[in-house]
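Convention: sequence-line order gives letters A, B, ...; per-chain numbering from 1. Worth knowing before you read on, the calculation uses all heavy atoms, side chains too, and leaves out hydrogens, waters and symmetry mates.
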Protein chains: 2
Amino acid sequence: MTTAPPSPRVLPHPTRDEIRLDSVLHALSDPVRLRIVSELADAEAALSCSRFDLPVTKSTTTHHFRVLRESGVIQQVYEGTAKMNGLRREDLDALFPGLLDALLVAARRQAARDAHA
Amino acid sequence: MTTAPPSPRVLPHPTRDEIRLDSVLHALSDPVRLRIVSELADAEAALSCSRFDLPVTKSTTTHHFRVLRESGVIQQVYEGTAKMNGLRREDLDALFPGLLDALLVAARRQAARDAHA
DNA sequence: CCCGTACTACGACGGCTATCGTACGAGTCC
DNA sequence: GGACTCGTACGATAGCCGTCGTAGTACGGG
């Protein structure tokens, strides 16, 4: 058809220079997204979206992953039907040294406090 | 009078245990508030609200300071007509070691990038 | 006592956003 | 081709939030 058939199989990511601290913090200020990032960091490898057991529906999950991608926190690539997610650790460390690690430690501590409750 | 005379001169703060990472990150995800925290860290001493030159009205300023206080990021005490603000560095460092420093460095780097733009 | 300064309280408004359901497209496997 | 899985797009909804203006309170000084 006349309709341009733009294969939406490639996803837009911000370049390293386009990553903004405000956006990163906003992305991480949601409990669901913080949890995603924590699990991703523990995995040390790219995970498909469906590998996460989140307390929201699939629609909402898609939304959260997009927020993380558009803020530059994660990288997403299609692999067959699955979409693999990986932390953009290099970029984040280069831009904001120590921040990601501190955030991950903080998230772990908060989770521990919550468990003890 | 019969009216309980609750001197509103003392402000409610969360205890250290009540400080939540989600709330802290949310508080810091606003550019205005991040800027307040940066200036506060540079000052190394308590500052009155009016010491800040922010691009919002006084009403909004009050709002932002309240968010920071209620999330546990800053401490506020009245001193005459002024309200002095200080970072809760000890509490934050105890709860989330390294986080505040990493955030301050990140904020400084982001500001530098913005200036070069 | 009156005024000025510092900050607050309240209400309003517009915009963002987390959530969902449903309908759909892209790949894989039989 | 047909069915199944993974993920998307779109619309709707409800709640939160940043912003403001105005009116008001608390404190200190003349």
Taking for A:Glu79 and for A:Val56 the nucleotide of DNA chain C with the nearest heavy atom, the one nearer the 5' end belongs to A:Val56
DNA chain C nearest-nucleotide lookup for A:Pro55 and A:Thr81: closer to the 5′ end is A:Pro55
Taking atom [atom2] of [N] as reference, at what distance in whole Å does atom [atom1] of [X] sit?
{"X": "A:Tyr78", "N": "D:dT5", "atom1": "OH", "atom2": "C1'", "answer": "14 Å"}
{"X": "B:Asp22", "N": "D:dC17", "atom1": "CG", "atom2": "C1'", "answer": "17 Å"}
{"X": "B:Leu11", "N": "C:dC7", "atom1": "CG", "atom2": "C1'", "answer": "10 Å"}

Check DNA chain D against residues 57-69 of chain B and give the residues with a non-hydrogen atom under 4.0 Å, in numerical order. B:Thr57, B:Ser59, B:Thr60, B:His63, B:His64
Residues in contact with DNA chain D, drawn from residues 27-52 of chain B - heavy-atom cutoff 4.0 Å: B:Asp30, B:Arg33
Going by an N to O cut-off under 4.0 Å, is there a salt bridge joining B:Asp17 and A:Arg113? no
Charged N to carboxylate O below 4.0 Å: is that the case for A:Asp101 and A:Arg89? yes
Report yes if the side chains of [X] and [Y] come closer than 4.5 Å at any heavy-atom pair, otherwise no.
{"X": "B:Arg88", "Y": "B:Ile19", "value": "yes"}
{"X": "A:Asp42", "Y": "A:Leu104", "value": "no"}
{"X": "A:Leu21", "Y": "B:Arg108", "value": "no"}

B:Thr57 and B:Thr60 side chains, donor-acceptor separation under 3.5 Å: yes
Counting only heavy atoms not in A:Asp114 (residues, nucleotides, ligands), do more than 12 fall under 6.0 Å from its CG? yes
Hphob cluster co-occupancy, B:Leu92 + A:Leu28, side-chain heavy atoms under 4.5 angstrom: yes
